[in-house]
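Heads up, the thing below is written out as C-alpha cells.
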Amino acid sequence: MLKFLSLPDCWIKEFFLAHIYTEQQLIEEALQKYQSLIDAGFSKSTYIISQIAVAYHNIRDIDKALSIFNELRKQDPYRIENMDTFSNLLYVRGLKPELSYLAHNLCDIDKYRVETCCVIGNYYSLRSQHEKAALYFQRALKLNPRYLGAWTLMGHEYMEMKNTSAAIQAYRHAIEVNKRDYRAWYGLGQTYEILKMPFYCLYYYRRAHQLRPNDSRMLVALGECYEKLNQLVEAKKCYWRAYAVGDVEKMALVKLAKLHEQLNESEQAAQCYIKYIQDIYSCGVSVELKEIVEHQEVSTAFRYLAQYYFKCKLWDEASACAQKCFNFNDTREEGKALLRQILQLRNQNESPSADLPTNATFLFPQSVSASNTPTRRVSPLNLSSVTP
C-alpha cells in the first residue's frame with residue numbers, strides 16, 4: 001500500500017514514512033529517515049528524538065534507548081508522550097528508584113493521561129503489586145479504550161495473577177486494536193502454554209514470529225512447542241535459527257544441545273555446548289567470573305563436555321572442563337570425581353583411542369569476538385507442520 005501511495009514531495013512526507021517504517025518494524029529504514037531529518041535541520045525536535053528512542057526499544061537495544069530517553073527528559077522535563085515506553089525499559093532493567101521518580105513526576109504534571117496511568121501501573125508491577133498495576137491499566141483504558149499498550153500490559157498482569165481467562169481477553173482486545181502487535185500474539189501463546197494447549201500456543205507463537213522474524217524469543221518459544229509435540233526436526237530448526245539471528249537470552253544453543261542429547265547425537269551436542277560457552281565468555285572480555293557463574297546453564301555445558309571428552313579419552317580437555325565445574329555448586333562434586341578418574345587412568349598410561357571424532361577439539365579462547373553470533377535480517381520460517 002505504501003509503494004502505491006501518491007504523496008506530495010515535501011518534508012512532512014519524510015515524517016510520515018519514518019513513522020510507518022517504525023510501525024512496520026523496519027527499524028533500519030526508520031532510523032535512516034530520522035537521521036536525514038536531523039541533518040535537514042530538525043536536530044532539536046523532541047518528537048524525532050523520542051521516535052528514535054522508540055525505534056531502539058523495538059529492536060531491544062535497551063541501553064541505547066534508555067540513554068536517548070534520559071537525554072530527552074533533560075531537554076523536555078514536562079514531556080508525557082512516549083514516557084510509557086520509557087517506563088517499559090526501566091521495568092525491564094529493574095530500575096525501581098528511577099521508575100518511582102518518573103511515576104511521581106508524571107503524576108504531578110498530569111495524572112489523567114493514559115501514559116501516566118501506564119507508568120504508575122509498571123511501577124506497581126515492578127513492586128509485585130499486580131492488583132494495583134491492573135487497576136491503573138484499567139484506568140488508562142477508561143481514558144482511551146483503544147490504547148494498545150495498556151491492553152497488552154494488563155494481559156501481563158493477569159498472567160502474573162494466574163487469571164488466564166482475563167489475560168486471554170485482554171490480549172484479544174489488543175489484537176482487535178492492532179493485529180500487528182506481536183506482544184499480544186506472544187502473550188496469547190504464553191497463556192495457552194500455561195494451559196497446556198500446545199497446538200494453540202504454536203499457532204499464536206507462529207503469528208508472533210511472522211511479525212518479528214528477527215526476534216529470537218519467538219523462535220525459542222516455537223522450538224519449545226515443537227519439542228512438546230515431538231516434532232524434533234522443526235524444533236532443531238527453530239533453535240538454530242534463533243541462534244543465527246542473535247540469541248537475546250543465550251538459551252537457544254543450550255536447548256539445541258539438549259535436543260541432540262535426547263537423540264543421542266553426542267558430537268553435535270558437544271559442538272553446541274562449545275559455541276554456547278564461547279558466546280557466554282565473549283559477552284565482554286572484562287566480564288566478571290561471578291556474572292558467568294550466575295548463568296544457569298554454564299555448569300550444565302561444562303559437565304556435559306567433561307563427560308564427552310572423558311568418553312573420547314581426551315584427558316586434557318576433560319580435565320579442563322572438570323576444573324571449570326568447580327565454580328558451580330551443582331557440578332563441583334561431579335568435577336572432582338571425574339578428575340580422580342582421569343588421574344587414575346593417566347597413571348595406568350592409557351593411550352587415547354584411535355577412533356576419535358576429527359572435529360572434537362575443545363575450543364575455549366580467552367577472548368572471542370562477539371561477531372561469532374551473526375545478526376541479520378531473515379524472513380519468517382517456512383515450517384511444514386499444519387497448525388490450527
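Taking the six-membered ring where tryptophan is involved, the planes of Y243 and W240 are tilted, since the angle between them lies from 30° to 60°. In this pair, Y203 and W185 present their aromatic rings perpendicular. The plane angle is above 60°, beyond the 30 to 60° band. Note on ring orientation: taking the six-membered ring where Trp is involved, the planes of Y123 and H104 are perpendicular (angle over 60°, cut-offs 30° and 60°).
Hydrophobic cluster membership is shared by I62 and L102, with clusters built from Ile, Leu, Val, Met, Phe, Trp and Tyr side chains linked at under 4.5 angstrom. Connection of V54 to F42 is established within a shared hydrophobic cluster, with ILVMFWY side chains joined at heavy-atom distances below 4.5 Å, either directly or through further cluster members. Residues L143 and Y147 fall within the same hydrophobic cluster, defined by Ile, Leu, Val, Met, Phe, Trp and Tyr side chains chained together at heavy-atom separations under 4.5 Å. Follow the hydrophobic side-chain contacts under 4.5 Å out from F69 and you reach Y47 in the same cluster. At a threshold of 4.5 Å between side-chain heavy atoms, the hydrophobic network of Ile, Leu, Val, Met, Phe, Trp and Tyr places L263 and L253 in one connected group.
Ion pairing between a basic and an acidic side chain is recognised when a charged N comes within 4.0 Å of a carboxylate O; E265 and K236 show such pairing. Taking the charged nitrogens against the carboxylate oxygens, K237 and E234 do have a contact shorter than 4.0 Å, which makes a salt bridge. The existence of a salt bridge linking K255 and E227 is excluded, since no basic side-chain nitrogen approaches an acidic carboxylate oxygen closer than 4.0 Å. Between R113 and E81 a salt bridge is recorded (basic side-chain N to carboxylate O distance below 4.0 Å). Salt bridge absent: K64 and D61 never bring a charged side-chain N and a carboxylate O closer than 4.0 Å.
Two rings, from Y309 and W315, have their centers 6.0 Å or more apart. When ring centroids are compared, H19 and Y34 stay outside the 6.0 Å threshold.
Relative to the six-membered ring of Y186, R183 misses at least one condition, a distance below 6.0 Å or an angle of at most 45° to the axis.
Using modelled atom types and a 3.5 Å distance limit, the side chains of E193 and Y204 yield no donor-acceptor pair. Residues S165 and N163 have side chains that bring a donor and an acceptor to within less than 3.5 angstrom of each other. Side-chain contact check for E297 and T300: at least one donor-acceptor pair (N or O, by modelled atom type) lies under 3.5 Å. For S125 and Y91, the side-chain atoms include at least one donor-acceptor pair closer than 3.5 Å.
With contacts defined as side-chain heavy-atom distances shorter than 4.5 Å, the pair Y205/Q190 qualifies. Q51 has its side chain out of reach of I48: every pair of non-hydrogen atoms, C-beta onward, lies at least 4.5 Å apart. With contacts defined as side-chain heavy-atom distances shorter than 4.5 Å, the pair D84/L153 does not qualify. Q75 is not listed as a side-chain neighbour of K44, based on a closest heavy-atom distance of 4.5 Å or more.
Of the possible donor and acceptor atoms, none in the side chain of N82 sits under 3.5 Å from a partner among the backbone N and O of S50. Of the possible polar contacts, none joining the W151 side chain to the F137 backbone as a donor-acceptor pair under 3.5 Å is found.
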